[in-house]
Protein chains: 2
Amino acid sequence: MLYIDVMSRTPVYEQIIEQMEKLISAGILKEGEQLPSVRALSLELSVNPNTIQKAYGELDSKGIIGSVPGRGCYVMPGACDILKSIAKGKLPELQALAQTLMAAGVTREEIIRAIDECTHTVPVKEETK
Amino acid sequence: MLYIDVMSRTPVYEQIIEQMEKLISAGILKEGEQLPSVRALSLELSVNPNTIQKAYGELDSKGIIGSVPGRGCYVMPGACDILKSIAKGKLPELQALAQTLMAAGVTREEIIRAIDECTHTVPVKEETK
DNA sequence: GAAACTGTACTAAGACACATAGTACAGTTA
DNA sequence: TAACTGTACTATGTGTCTTAGTACAGTTTC
């Protein structure tokens with residue numbers, strides 16, 4: 001379900017956050033659905049329970065998941081809306097990258113073509129098997 | 001000439017590298033031109049000379065600048081070409097970001113509009129959120 | 001030649017984030 | 001009661017980044 005790259009410069013807990021958010025945005029983890037427990041996921045990913053807890057804690061503070069002591073963690077209703085507004089907040093990051101590329105001589109068309117290339121093939125919506 | 005954000009998560013030496021590369025791409029630092037000395041820049045930016053040396057060392061190993069012991073560091077001829085090819089190598093990074101945004105519900109048009117917005121009006125400056 | 005610059009190469013130390021390890025406690029469920 | 005759940009805490013190890021200090025060799029200028 002999740003894949004951890006221990007060699008990556010991005011911390012493990014952030015990788016977990018990013019992938020959980022993608023699963024929720026994609027509808028693979030539905031609103032109201034229960035997440036794997038801290039201990040179960042730590043075993044599955046071979047990381048420390050504290051690392052999972054840190055990831056879950058941040059998702060909780062964002063309002064994306066809700067934690068119920070004794071019961072478990074659940075995807076909050078409205079999580080997708082929150083994720084979309086967070087995503088819009090990341091547009092400046094994309095703008096900065098685009099600016100860097102164009103300053104180095106990459107053209108607007110090359111950038112847009114690259115975006116179209118990678119987003120055409122993503123099967124987030126039509127999934128009827 | 002350069003601005004360091006000590007609160008940033010990106011290391012100081014990387015900030016120096018990025019900004020030097022932008023200055024070279026923009027033609028503000030021309031090929032063949034001499035860079036400020038390690039010690040002078042360390043005083044100007046209030047960082048340790050070792051930090052400057054680390055930045056210069058990486059720029060050197062990329063072939064963007066050349067170091068001559070006793071004389072100084074100079075922008076290498078062909079630096080802009082190298083920078084452009086490095087920039088093209090960063091397209092996957094931009095693709096990944098675009099994919100994340102679109103997976104969260106941001107539309108292709110919103111992304112392209114954001115890119116056009118920032119690249120039309122901003123010359124070479126950097127804008128950190 | 002001397003002085004003042006240049007880049008370069010070390011070692012040592014501190015700060016900080018990340019991750020692991022272990023323990024403990026309270027709430028929920030079967 | 002037993003087995004799960006989240007949560008909190010301390011301690012420890014590790015790696016990167018940064019600073020500090022020293023030293024050496026080459027170049028330039030006077």
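We name chains A, B, ... by the order of the sequence lines, and we start the count at 1 in each one. Below, all heavy atoms of this structure are taken into account, side chains as well, without hydrogens, waters or symmetry copies. Keep in mind the model is a prediction, meaning the values are calculated, not measured.
- Atoms CG (L35(A)) and P (dC4(D)) sit 19 Å apart, rounded to a whole Å.
- Within the model, atoms CG of L94(A) and SG of C118(B) stand 8.0 Å from one another, a figure rounded to the nearest 0.5 Å.
- Residues satisfying the salt bridge (Lys or Arg N to Asp or Glu O under 4.0 Å) criterion with R39(B), sequence neighbours excluded, are absent altogether.
- The residue among V38(B) and T10(A) whose nearest nucleotide of DNA chain C lies closer to the 5′ end is V38(B).
- At whole-Å resolution of the value, OH in Y74(B) and P in dT27(D) are 11 Å apart.
- A salt bridge is absent between E18(A) and K90(A): the closest approach of a Lys/Arg side-chain nitrogen to an acidic carboxylate oxygen does not fall below 4.0 angstrom.
- In this entry the distance linking CD of Q53(A) with P of dT10(D) reads 14 Å, nearest Å.
- No donor-acceptor pair under 3.5 Å is formed between the side chain of E33(B) and the backbone N or O of V75(B).
- The distance between atom CZ of R39(B) and atom C1' of dT27(D), rounded to the nearest whole Å, is 13 Å.
- Following rounding to the nearest Å, M7(B) (CE) and dT18(D) (C1') show an atom-to-atom distance of 15 Å.
- N50(B) places its CG atom 11 Å from the P atom of dG21(D), with the value rounded to the nearest Å.
- Applying the 4.0 Å criterion to OP1 and OP2 of dT19(D), one finds that T51(B) has a side-chain N or O inside that range.
- On the nucleic acid side, DNA chain C has its first and last nucleotide under 4.0 Å of a heavy atom of chain A at dC18(C) to dT29(C), going 5' to 3'.
- Rounding to whole angstrom units, CG of residue N48(A) and P of dG13(D) are separated by 15 Å.
- Spacing between atom NZ of K54(B) and atom C1' of dT18(D) amounts to 9 Å, rounded to whole angstrom units.
- Along DNA chain D, the nucleotide closest to G57(A) and the one closest to Q15(B) are compared, and the more 5′ of them pairs with G57(A).
- At the phosphate of dG26(D), neither OP1 nor OP2 sits under 4.0 Å from any side-chain N or O atom of R71(B).
- Counting all heavy atoms, side chain and backbone alike, P49(B) lies closest to V38(B) at O-CG1, 3.5 Å.
- When atom types are taken as modelled, the side chain of Q34(A) and the backbone of R71(A) share a donor-acceptor pair closer than 3.5 angstrom.
- Side-chain N or O atoms of K84(B) include one that pairs as donor or acceptor with a backbone N or O of G105(A) at under 3.5 Å.
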